[in-house]
Amino acid sequence: MNKLDLPIRMRRNRSNHNIRRLVAENVLTSADFIWPLFVLEGDNIVQPIDSMPGVNRYSLDRIVEVVGEAVALGIPAIALFPYTTPDKRTSDGFEALNPENLMNRATRLIRAAYPDLIIMCDVALDPYTDHGHDGLLRDGVILNDETIDVLVKQALTQAEAGCDTVAPSDMMDGRIGAIRKGLDSAGYEDVRIMAYSAKYASAFYGPFRDAVGSTSALKGDKRTYQMDFSNGKEALREAALDIEEGADMIMVKPGMPYLDIVKELKDSFQMPTFAYQVSGEYSMMMAAAHNGWLDKNKVMMESLMSFKRAGCDGILTYFALEATKFLKENS
Ligand code: PBG
């Protein structure tokens, strides 16, 4: 009851479509999305990924075409990941430094076609190592500082190819500062760093590892460098370090099970803050939708809005293209 002794009717502001639109606290637009894409060698190939229905690996000719569709719909950013053939995977991940590797060739082609598109490149060694880890491995240990030297060089080849935002996803200590220094001293002071600041050791990455072909390669797990999912406050320290070291944007990964972390980081640092709705989250929703247990479009939009509510400025999501189309058709 209110002061007049009349019932408080919260439902007045929910009674029709227009009033709900008028009082909506958050909105989604195409400008909220970063679209992760997988590239592979060959010509004219669009190869479905079994564990991620609706997601494909594209050869370079086809990636340019599919990116064009995203650009035309107003998606501002893509994130590229390579499917490296097994013969190019070595213990030192040397292919990561090849200026002509698949990622760098893809970046060059896409940059030439779409000068204003934000092209994010993942900085980590896992697509290139025969052991599937993000860093160099010696006697069962992932080496921190030695890995960083390689990551800096990897980021430089990406910047040289036309990448405007490097995204270190490796979780080595001190890599943001080292990459920032490397970029600046090579004249790439305008290249941004999106830090995977709070990246958890997560089983939700399963389908992605299929997508880049590192599932069978991976020996052991990534718990000595990715975060322990028991910890929330530790994410504040990770993000603070990345910001001090020069990150332009911070990211939380996975997404939906970690919205508490998103909110905490956004409230604490007021940085441009992103989340990655990862492969396993996508695949869970798609599997349920295929069984008729969930309405795909509805869970897609509801899950994406949850990121905005938690404080995200944008979302890396495999739904980027579909969600944008949905928004266009339903506005
Ligand atoms: C690896 C990397 C991973 C993802 C993005 N970059 C997997 C991992 O850390 O094993 C996962 C993305 C997803 O699951 O969609 N550097």
Side-chain angles (χ1 to χ4, degrees), residues 33-39 49-57 77-84 89 93 95-96 101-103 120-137 142 147-148 150-151 154-155 158 163 165-172 175-176 179 193-229 238 250-258 274-287 303-304 307 315-321:
F33 302 134
I34 299 169
W35 194 22
L37 287 163
F38 300 103
V39 287
I49 298 163
D50 291 344
S51 54
M52 300 179 74
V55 177
N56 304 303
R57 302 183 190 97
I78 59 165
L80 289 177
F81 296 97
Y83 176 88
T84 309
R89 295 175 195 241
E95 179 66 7
N101 70 20
L102 184 58
M103 276 280 274
M120 283 181 36
C121 292
D122 207 58
V123 183
L125 300 184
D126 55 310
Y128 308 102
T129 52
D130 56 10
H131 45 72
H133 282 289
D134 294 26
L136 301 174
L137 180 68
I142 303 297
T147 296
I148 289 181
V150 183
L151 297 177
Q154 181 183 22
Q158 294 170 343
C163 161
T165 307
V166 294
S169 71
D170 55 288
M171 292 301 279
M172 298 302 120
R175 89 277 205 216
I176 301 298
I179 291 171
I193 302 181
M194 177 184 279
Y196 284 71
S197 294
K199 177 171 179 182
Y200 286 85
S202 171
F204 287 101
Y205 307 148
F208 173 96
R209 291 179 190 162
D210 284 344
V212 297
S214 67
T215 306
S216 50
L218 183 61
K219 299 194 174 67
D221 58 47
K222 301 192 177 184
R223 287 186 293 176
T224 69
Y225 45 107
Q226 298 179 348
M227 286 178 63
D228 183 336
F229 58 67
E238 282 284 5
I250 56 175
M251 192 219 289
V252 173
K253 178 181 172 197
M256 286 205 300
Y258 295 83
F274 294 80
Y276 198 143
Q277 183 179 50
V278 300
S279 56
E281 301 175 57
Y282 172 86
S283 299
M284 281 193 305
M285 284 186 267
M286 291 302 283
S303 68
L304 293 171
F307 291 100
I315 308 138
L316 288 100
T317 175
Y318 300 99
F319 285 126
L321 193 70

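Order of appearance sets the numbers: ligands from 1, and atoms from 1 within every ligand.
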Tell me which protein heavy atom sits closest to [atom], plus the residue, atom name and distance to 0.1 Å.
atom: atom 1 (C) of ligand 1; result: Asp126 OD2, 3.0 Å
atom: atom 14 (O) of ligand 1; result: Ser279 OG, 2.7 Å
atom: atom 8 (C) of ligand 1; result: Lys222 NZ, 3.4 Å
atom: atom 12 (C) of ligand 1; result: Phe208 CD1, 3.3 Å
atom: atom 5 (C) of ligand 1; result: Lys253 NZ, 2.6 Å
atom: atom 16 (N) of ligand 1; result: Ser169 OG, 2.7 Å
atom: atom 2 (C) of ligand 1; result: Lys199 NZ, 3.3 Å

- prompt: Tyr196 and side chain to side chain contact (heavy atoms under 4.5 Å, CB included): which partner among Asp122, Val252, Ile250?
  reply: Asp122
Answer yes or no: is there a donor N or O on one side and an acceptor on the other, between the side chain of [X] and the main chain of [Y], under 3.5 Å?
X: Asn101; Y: Glu95; value: yes
X: Thr84; Y: Pro127; value: yes
X: Ser283; Y: Ser51; value: yes

- request: Please work out whether any backbone atom (N, CA, C, O) or any side-chain heavy atom from C-beta onward of Asp170 is under 4.0 Å from ligand 1, and answer side chain, backbone, both or neither.
  value: neither
Within a distance under 4.0 Å of any heavy atom of [X], pick out the atoms of ligand 1 and give their elements.
X: Asp134; value: 1 (C), 16 (N)
X: Ala124; value: 16 (N)
X: Tyr276; value: 12 (C), 15 (O)

- line: To atom 15 (O) of ligand 1, the nearest of Tyr318, Tyr200, Tyr282 on a heavy-atom basis is Tyr318
task: Decide if atom CZ of Phe204 counts as having more than 12 heavy atoms of other residues, nucleotides or ligands within a radius under 6.0 Å.
output: no
message: Does Phe229 have more than 12 heavy atoms from other residues, nucleotides or ligands lying within 6.0 Å of its CZ?
response: no
Partners meeting side chain to side chain contact (heavy atoms under 4.5 Å, CB included) with Ala320 (sequence neighbours left out): Phe33, Trp35, Ile75, Thr317
field: side chain to side chain contact (heavy atoms under 4.5 Å, CB included) partners of Ser214, counting only residues at least two apart
entry: Arg89, Arg209, Val212
query: Do any nitrogen or oxygen atoms of Arg209 lie less than 3.5 angstrom from nitrogen or oxygen atoms of ligand 1?
result: yes
query: Is it the case that Lys199 places NZ or CZ above or below the six-membered ring of Tyr205, under 6.0 angstrom from the centre and within 45 degrees of the axis?
result: yes
